[in-house]
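Since we're looking at a predicted model, the values are computed, not measured. Throughout, protein chains are lettered first and strands after them, A, B, ... in sequence-line order, and every chain is numbered starting at 1.
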Number of protein chains: 2
Amino acid sequence: MFSIGEVSKRTGVKVPTIRYYEEMGLISPSERSDGNQRRYSRGDVERLTFIRHARDLGFEIDRIRELIALSHHPQAPCDGADRIASAHLAEVRQKIDQLKRLEAELERIVSHCGGHTVEDCYVIRALSDHGLCEHEH
Amino acid sequence: MFSIGEVSKRTGVKVPTIRYYEEMGLISPSERSDGNQRRYSRGDVERLTFIRHARDLGFEIDRIRELIALSHHPQAPCDGADRIASAHLAEVRQKIDQLKRLEAELERIVSHCGGHTVEDCYVIRALSDHGLCEHEH
DNA sequence: ATAATCCCTCCAGTGACTAGAGGTTCAAGA
DNA sequence: TCTTGAACCTCTAGTCACTGGAGGGATTAT
């Protein structure tokens, strides 16, 4: 049995975050000490590692809750997990595209900043006048 | 003079958001009607367009406040605006890199999902076992 | 005059934490 | 066994950029 501090060290998840995940219904300690402190099993640590990993990959708490539920039915078909991950991948790709468009716009704005005063600074002008933009956004 | 609803239509910024920006100190209406309703000038509308545009490009409220302050000193050197925009561009690029790494990882996880049951589903296994990952994250 | 629409303020909720106050428990050393 | 200090507990509030709703007043068109 591990204290919350030990679990935090093992998983890299901060102590208040572990408590937050508990409140969100992702994990709860297997036991409590006589003095009401959380005590985690090895299984709990594994589960928190799973959560951490999924968060690192950008899965939302709700999606993680679903993935945990799925993992509790090892004989169920895995379409569910696959669908969640694929949907997430699509979101990530969309986000990348969006950011690339921003990048291009910002690049253009920054590189054009030829002026020496704010008055003729392209950065300020481009922000004031949408007409200077190449794409809609 | 425009009502908040008209301004909203002209700029595409939602009414509660305009009020929120006011609370944040980005704009305030030039006047109030006798009945205490907000009345905006043409200049106010331009300013809100500036804000909207900057937000679309991902600038934070605080950065926008700085840009507005700069735009009020047209004779000042424009290094400030340039620096803010360049820093933002760097952030955007970093975010893109990060998301690309996620994309690669998720691609790998999803494409490997060969199993039919959760038990041997790569998605679940990859999340449980960090060792299956290619990169640190 | 009245109805419909708009506007006002204030409060609460979102997501995923993070930080602090004020108090209790635990583990290790004397 | 006692003490000390670190770690723990709960509860509340703050972050960012909004969004939505309640309950009531203002404006506008007919």
Side-chain angles (χ1 to χ4, degrees), chain A residues 1-40 44-45 48 50-68 84 87-88 91-92 95 98 102 137, chain B residues 1-40 44-45 48 50-68 88 91-92 95 98 102 137:
Chain A
M1 286 294 164
F2 311 103
S3 71
I4 198 168
E6 275 173 298
V7 172
S8 172
K9 261 177 226 149
R10 275 161 198 264
T11 61
V13 180
K14 288 182 189 163
V15 169
T17 305
I18 298 174
R19 287 196 276 249
Y20 169 73
Y21 287 159
E22 182 175 341
E23 204 186 341
M24 293 298 101
L26 297 188
I27 18 144
S28 52
S30 303
E31 287 180 30
R32 291 271 182 155
S33 74
D34 293 348
N36 198 34
Q37 297 194 354
R38 289 165 179 82
R39 291 294 175 261
Y40 296 90
D44 294 334
V45 174
L48 194 56
F50 178 102
I51 294 166
R52 162 93 216 256
H53 195 171
R55 282 296 302 136
D56 281 350
L57 288 171
F59 287 90
E60 293 167 6
I61 299 275
D62 281 357
R63 295 297 84 68
I64 296 174
R65 222 195 316 267
E66 288 171 29
L67 288 170
I68 289 173
I84 291 170
H88 182 49
E91 277 167 31
V92 168
K95 193 85 201 169
Q98 200 191 333
L102 282 190
H137 51 122
Chain B
M1 284 294 164
F2 311 101
S3 70
I4 198 167
E6 275 173 299
V7 172
S8 172
K9 263 176 226 150
R10 275 161 198 265
T11 60
V13 180
K14 288 183 187 161
V15 169
T17 306
I18 298 175
R19 289 196 275 249
Y20 169 74
Y21 287 159
E22 181 176 341
E23 203 186 342
M24 294 297 102
L26 297 188
I27 16 142
S28 51
S30 302
E31 288 181 30
R32 290 271 183 156
S33 73
D34 293 348
N36 197 36
Q37 296 195 356
R38 290 166 178 83
R39 291 294 175 260
Y40 295 91
D44 292 335
V45 175
L48 194 54
F50 177 103
I51 293 166
R52 162 95 215 255
H53 196 171
R55 281 296 300 137
D56 281 351
L57 289 170
F59 287 91
E60 292 168 7
I61 300 275
D62 281 356
R63 295 298 83 67
I64 296 174
R65 222 193 317 266
E66 288 170 31
L67 288 170
I68 289 173
H88 182 48
E91 278 167 30
V92 168
K95 193 86 201 166
Q98 201 189 333
L102 281 190
H137 52 123

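Contact annotation: B/Y21 side-chain N/O to D/dC18 OP1/OP2 distance is under 4.0 Å. Close to C/dA16, at under 4.0 Å from its OP1 or OP2, lies no side-chain N or O of A/T17. Side-chain N/O atoms of B/R38 include one lying less than 4.0 angstrom from OP1 or OP2 on C/dT9. Taking side-chain N and O atoms only, B/K14 has a distance below 4.0 Å to OP1 or OP2 of D/dT19. Within the 4.0 Å cut-off from OP1 or OP2 of D/dC9, at least one side-chain nitrogen or oxygen of A/R19 is found. The side chain of B/R32 places an N or O atom within less than 4.0 Å of a non-bridging phosphate oxygen (OP1 or OP2) of C/dT9.
Distance A/D34 CG to C/dT25 C1': 11 Å, rounded to the nearest Å. As a whole-Å value, the separation of B/E23 CD from D/dG20 P is 17 Å. The nearest whole Å value for the distance from the CD1 atom in B/I51 to the P atom in D/dA17 is 13 Å. Between the CD atom of A/E22 and the P atom of C/dT18 there is a distance of 17 Å, rounded to whole Å. The distance from atom CE of B/M1 to atom C1' of C/dC7 is 17 Å, rounded to the nearest whole Å. At whole-Å resolution of the value, CD in B/Q37 and P in C/dC7 are 7 Å apart. If you measure from atom NZ of B/K9 to atom C1' of C/dC6, you get 10 Å, rounded to the nearest angstrom. When rounded to the nearest whole Å, the span between CE of B/M24 and C1' of D/dG14 equals 13 Å.
For A/S3, counting side-chain heavy atoms from C-beta on, the closest listed nucleotide (D/dT10, D/dG25, D/dC8) is D/dC8. Of the candidate nucleotides C/dC26, D/dC18, C/dC17, D/dC18 has the atom lying nearest to any side-chain atom of B/R55. Candidate nucleotides C/dT9, D/dG25, D/dT19 were compared by shortest atom distance to the side chain of B/Y20, and D/dT19 ranks first.
Position along DNA chain C of the nearest nucleotide to B/V15 versus A/S33 favours B/V15 as the more 5'-ward residue.
With respect to B/M1, the side chain to side chain contact (heavy atoms under 4.5 Å, CB included) criterion is satisfied by exactly one of B/R38, B/E6, B/R39: B/R39.
The CZ atom of B/F50 sits 12.5 Å away from atom CD1 of B/I27, with the distance rounded to the nearest 0.5 Å. Residue B/M24 holds its CE atom at 7.5 Å from CZ of B/R65, rounded to the nearest 0.5 Å.
Side chain of A/R55 to main chain of A/F59: a donor-acceptor pair is present (N/O by atom type, distance under 3.5 Å, no hydrogens or angles). No donor-acceptor pair closer than 3.5 Å links the side chain of A/S8 to the backbone N or O of A/I4.
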